[in-house]
2 protein chains.
Amino acid sequence: MSDCIEMLDSETKAVETPEDHAEELRLWLRLLTCTTLIEGEVRGRLRQRFDVTLPRFDLMAQLDKAPDGMTLSDVSKRMMVSNGNVTGLVERLVESGHLDRRTSETDRRVQVIRLTKLGRAEFRRMAAEHETWIADLFADLTPKDVRELMRLLAKTKASAQKSAGRRRP
Amino acid sequence: MSDCIEMLDSETKAVETPEDHAEELRLWLRLLTCTTLIEGEVRGRLRQRFDVTLPRFDLMAQLDKAPDGMTLSDVSKRMMVSNGNVTGLVERLVESGHLDRRTSETDRRVQVIRLTKLGRAEFRRMAAEHETWIADLFADLTPKDVRELMRLLAKTKASAQKSAGRRRP
DNA sequence: CCGAATTGTTTTAAGCCTAAAATGTTTTCC
DNA sequence: GGAAAACATTTTAGGCTTAAAACAATTCGG
């Protein structure tokens, strides 16, 4: 124990410093790094292989899961982005022929959007390749790692949602 | 083993369906959801409490760890954003008096930026509160959860970097 | 030493993104 | 029925972000 003299302040002052949340902070930064890294990689590959942006791809992914279409609000909630953001994104995808947008018959406030035939075909083509990229990016994780990460991230999501709810009920 | 009849297609058809990466895809989406959720929460709180944007805060956080300053390239690598992005961010923070920017004496290509006294003081004030937000967002994770997540995310980061490196060596 | 690659930064063009205000529509609740 | 609240979307203003091209300064190899 001759090294005790070299101990860090952060260790010795555990009592005086009321709360030490350095671990959580490091965890958050690591989480952010992982996401940024993977996102950047996916963004670059989508652009190079298919000349499509990540937000466009994400929006098409939402619509592919909803054959009967979605409202802009639905999309905005699912993608966790602002309403105004979706408006512009949809505009450009309608323009390029990937999306079909029509006003709901029963509620004239609502715009329902769907993938066009072209949009669906292109998305499926991209999604197939996209899936292999993701698999490759996570390739060093064992199935057990994946399960465990899924579990811990579910817990994280629940914790964050609870905390966010406390502030904005 | 009487339950074998109930086995899922994804298990029984392992040979016919060449590769099933649905699990990794779900993991990626969950990772993204967690990050987006927390990031949005932090962004909102920074804006409401301190009227500062998240990118500005992130940049100041980098500089707070480097008392002798950093070059724009350093910052861009650390933050994992493009060079041009940093240029604009720095411009606005110099304008508002939070950053000091000067050309290196030894290499006239290089711009060295530092926090000003004001910038450092403001950042410290924000960082203290920011740390409690993060702690709160992760509050439901046990110390063991945190350690395990750190480990698995480190593994994820390494895996993703390896995969990214294979594409762009 | 000098041309060629390399490195650091800025510029450009386009798109993404947010918060807040504005607009139009429907529902609610007297 | 009609005012008020709630809802869905768009608009606005400003900032963020990227990829690629342009520019400037340094280093490298012959």
Side-chain angles (χ1 to χ4, degrees), chain A residues 32 35-37 39-60 69-96 98-99 101-113 168, chain B residues 32 35-37 39-60 69-96 98-99 101-113 168:
Chain A
L32 189 55
T35 302
T36 306
L37 186 60
E39 200 170 38
E41 196 60 25
V42 170
R43 182 197 315 282
R45 296 195 199 199
L46 281 173
R47 187 182 44 72
Q48 290 200 342
R49 281 285 291 131
F50 301 113
D51 193 32
V52 76
T53 66
L54 184 51
R56 276 166 158 91
F57 178 83
D58 286 343
L59 175 42
M60 288 196 269
M70 297 174 82
T71 70
L72 297 203
S73 287
D74 287 345
V75 172
S76 146
K77 281 189 200 89
R78 288 292 192 93
M79 292 180 74
M80 299 196 282
V81 300
S82 67
N83 282 342
N85 190 355
V86 174
T87 296
L89 225 39
V90 166
E91 218 158 56
R92 287 183 288 270
L93 279 166
V94 168
E95 170 68 24
S96 63
H98 294 86
L99 257 57
R101 176 225 301 247
R102 63 186 60 169
T103 303
S104 162
E105 300 285 338
T106 62
D107 185 341
R108 272 179 306 177
R109 287 172 303 182
V110 174
Q111 302 283 319
V112 178
I113 55 176
R168 214 181 345 75
Chain B
L32 189 55
T35 301
T36 306
L37 187 58
E39 200 170 38
E41 197 59 24
V42 171
R43 184 197 314 282
R45 296 194 199 201
L46 281 173
R47 187 180 45 71
Q48 290 201 340
R49 282 285 291 134
F50 303 112
D51 194 31
V52 74
T53 67
L54 183 51
R56 275 165 160 91
F57 178 82
D58 286 344
L59 176 41
M60 289 196 267
M70 298 173 81
T71 69
L72 297 203
S73 287
D74 288 344
V75 172
S76 144
K77 280 187 200 90
R78 288 291 192 93
M79 293 181 72
M80 299 196 281
V81 301
S82 67
N83 281 342
N85 190 355
V86 174
T87 296
L89 226 38
V90 166
E91 218 158 58
R92 286 182 288 270
L93 279 166
V94 168
E95 170 68 25
S96 64
H98 294 86
L99 257 59
R101 175 225 302 249
R102 64 187 58 170
T103 302
S104 162
E105 300 285 339
T106 61
D107 185 340
R108 272 179 305 177
R109 287 171 304 181
V110 173
Q111 303 283 318
V112 178
I113 54 176
R168 211 181 341 80

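Order of the sequence lines sets the chain letters (A, B, ...), proteins ahead of strands, with each chain counted from 1.
Checking A/Val86 against A/Gln48, the closest nucleotide of DNA chain D that is more toward the 5' end is the one next to A/Val86. Of the two residues near DNA chain D, A/Glu91 and A/Val110, the one whose nearest nucleotide lies more 5' is A/Val110.
Between C/dG15, C/dC17, D/dT18, one nucleotide has an atom nearer to the side chain of B/Asn85 than all others, and that is D/dT18. Closest to the side chain of A/Thr53, from the set D/dT9, C/dT26, C/dC16, is C/dC16.
Residue B/Asp107 is in sugar-phosphate contact alone, with no base atom involved, counting any heavy-atom pair closer than 4.0 Å across all strands shown. As judged by a 4.0 angstrom heavy-atom cut-off over every strand, A/Ser82 is placed among the base-contacting residues. Within the 4.0 angstrom heavy-atom criterion, only backbone atoms of the sugar-phosphate kind lie near B/Leu89; the bases stay farther away. Counting non-hydrogen atoms under 4.0 angstrom, A/Asn83 reaches a base of the nucleic acid.
Side-chain contact between B/Arg101 and B/Glu91 is present, with heavy atoms from C-beta onward closer than 4.5 Å. Side chains of A/Thr35 and B/Leu32 form a contact here, defined as non-hydrogen atoms less than 4.5 Å apart. Considering only heavy atoms from C-beta on, B/Leu72 stays 4.5 Å or farther from B/Asn83 through its side chain. By the 4.5 Å heavy-atom criterion applied to side chains, B/Asn85 and B/Met79 are not counted as neighbours. Between A/His98 and A/Arg56, every side-chain heavy-atom pair lies at or beyond the 4.5 Å cut-off.
For D/dG15, the OP1/OP2 oxygens have no side-chain nitrogen or oxygen of B/Arg92 closer than 4.0 Å. Applying the 4.0 Å criterion to OP1 and OP2 of D/dT26, one finds that B/Arg108 has a side-chain N or O inside that range. Of the side-chain N and O atoms in A/Arg47, none sit less than 4.0 angstrom from OP1 or OP2 of C/dG15.
Scanning atom types as modelled, no donor and acceptor separated by under 3.5 angstrom connect the side chain of A/Arg109 and the base of D/dT9.
Put simply, the side chain of A/Ser96 gets close to the backbone of A/Arg92: a donor and an acceptor are under 3.5 Å apart.
For DNA chain D, the residues of residues 69-81 of chain A within the heavy-atom distance limit of 4.0 Å (strictly under) are A/Thr71, A/Leu72, A/Ser73, sorted by number.
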